[in-house]
There are 2 protein chains.
Amino acid sequence: MSVDSIVFGYHDDQLKVLLIKRGAAPFQGQLALPGDLVYPNETIEVAAHRILKDLTGIDEHNVEQTKTYSAVDRHPVARVITTGVYSIIDIAKHDPHASAWAEGVYWTSLEDVPQLAFDHDQILKDAVDILRNKVRKEPIGFELLPEKFTLADLQNLYEALLNVKFDKANFRKRILSAKFLKDLNEFQEGVPHRPARLYSFDSDKYDELRANGFSIQI
Amino acid sequence: MSVDSIVFGYHDDQLKVLLIKRGAAPFQGQLALPGDLVYPNETIEVAAHRILKDLTGIDEHNVEQTKTYSAVDRHPVARVITTGVYSIIDIAKHDPHASAWAEGVYWTSLEDVPQLAFDHDQILKDAVDILRNKVRKEPIGFELLPEKFTLADLQNLYEALLNVKFDKANFRKRILSAKFLKDLNEFQEGVPHRPARLYSFDSDKYDELRANGFSIQI
DNA sequence: GCAAAAGTGTTGTCAGTACACCCATGT
DNA sequence: ACATGGGTGTACTGACAACACTTTTGC
């Protein structure tokens, strides 16, 4: 039993995924998703946490399962069933570094991902689908923005996550009508244009709205 | 590694789930979801298929993963990681019967499910959530209706699956506008009221619509 | 005729889209 | 002044809910 982590990162308005170059057979030297066996005293989620910490030093993050892959011959050496787990992190916060099973670690734009080891192409594809589905229904991704952000920042984030473009006016209306942003009454400074209003994510308000069966569609 | 099957059935306008009474320790005599270990030559899906066939004799069905549960102490005897798998079948088609690990088999209405063995309460709850989410986005459940059915049949099915009530006129408009039903130009016979028009599910049409990025919301 | 369920039409509201326009700042 | 993005108003459309109404059958 193993875990494969799909670590999404956001930087420069781009959605990227963390890949490693395998340091050991099988598929040595080929790119793959970071993954490892689940130890006897770990849950899948704890193992995923450990993997991400080894690679990036990031300790605080949410992980979410995608699917479990059990094809008998998916691993050429032994029977290994693996569960996909994804997380979204802020690339700026930490630099990834190689570790036990990784010769090298790379942030790769989704369009530039080459063929991966094992069935990782499929695992990645499934994860992207699941992520995009989820983003449209719940306000995730706020971990990727600074504490105070502008609506344009948020729009860029969503556009990168979903790979679409939104109309500015309409995006604003939708987000603001959802009422889970706190208007800080502060503004950008030193920008060569009209300074934008700053907001923060109001998680108390969101929890309250959610408890009342509220949902948004983006 | 094991599988636990959440088998949903539909009968008399009611959504039910298949439970077994455990014939062996641990939790002997308690109700549980049917489940078994995944054999070395099986995928999770194949194992789920085998379980359902053992219990109900049903051979043809679709299975779909829910989540994988890996809490270290979820099984009191050994470390067992389990994946939830659900399917929907037509109760009328086959009678369930006890098997290797089942002393008895019962169709139980969702509201009447008692406390279950292991973490099966949680597994069932998650499966119901996932099923309801899915039903709203894709036309599943047609396996549960006879070949030819009325719009009222379909409405009853959806109401049972989702545990809600729909307005008749609006439900019809939505379903018919989706255009994946074939109007058979046939009618009910021998009913003590105006006979209803019969339809069948047009899967060719649905595949075609789906290929063009179409989706419905029910 | 009456009960029962099939099936339709009308109206109001609201969310989402497209698009044009104004505003505030640095250079 | 002007470039650059921030921010807003309006008008159109289409989906959806509510609800009242007509139709067709068996008894």
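Computed from a prediction, not measured in an experiment: that's the story for all the values here. Proteins get letters first, then strands, A, B, ... in listed order; numbering begins at 1 in each.
The pair R22(B)-E103(B) does not count as a salt bridge, with every side-chain nitrogen at least 4.0 angstrom from each carboxylate oxygen. Salt bridge status for K125(A) with D121(A): absent, with no side-chain N to carboxylate O gap under 4.0 Å. Between E186(A) and R197(A), no side-chain nitrogen of the basic residue sits less than 4.0 Å from a carboxylate oxygen of the acidic one, so the salt-bridge criterion is not met. Salt-bridge formation is not detected for the pair K179(B)/D202(B): no Lys NZ or Arg NE/NH1/NH2 atom is positioned less than 4.0 Å from an Asp or Glu carboxylate oxygen.
D153(B) and Y199(B) share no donor-acceptor pair across their side chains, judged by distance under 3.5 Å alone. In this model, no donor atom of one side chain and acceptor atom of the other lie less than 3.5 Å apart for D54(B) and H97(B).
The CG-C1' distance, from D153(A) to dG6(D), rounds to 12 Å in whole Å. For the pair D13(A) CG and dG5(D) C1', the computed distance is 14 Å after rounding to whole Å. If you take CZ of R136(B) and P of dA15(D), they are 18 Å apart, rounded to a whole angstrom. Atom CD1 of I218(B) is separated from atom C1' of dA17(D) by 16 Å (rounded to the nearest Å). Here the C1' atom of nucleotide dT23(D) and the CD atom of Q188(B) are 15 Å apart, to the nearest Å. For the pair F171(A) CZ and dG7(D) P, the computed distance is 13 Å after rounding to whole Å.
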For nucleotides 8-10 of chain D, give me every protein contact, N/O to N/O, under 3.5 Å, one pair per line with atom names.
unit_1  : atom_1 : unit_2  : atom_2 : d
dT10(D) : O4     : K173(A) : NZ     : 3.0

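Toward the 5′ end of DNA chain C lies the nearest nucleotide of T150(B), the other residue of the pair R174(A) and T150(B) mapping further downstream.
Taking the six-membered ring for Trp and thresholds of 30 and 60 degrees, F180(A) and F201(A) have ring planes more than 60 degrees apart, a perpendicular arrangement.
Centroid-to-centroid, the aromatic rings of Y158(B) and F166(B) stay 6.0 Å apart or farther.
Between chain B and DNA chain C, the heavy-atom contact criterion of under 4.0 Å yields a 5' to 3' nucleotide range of dA4(C) to dT10(C).
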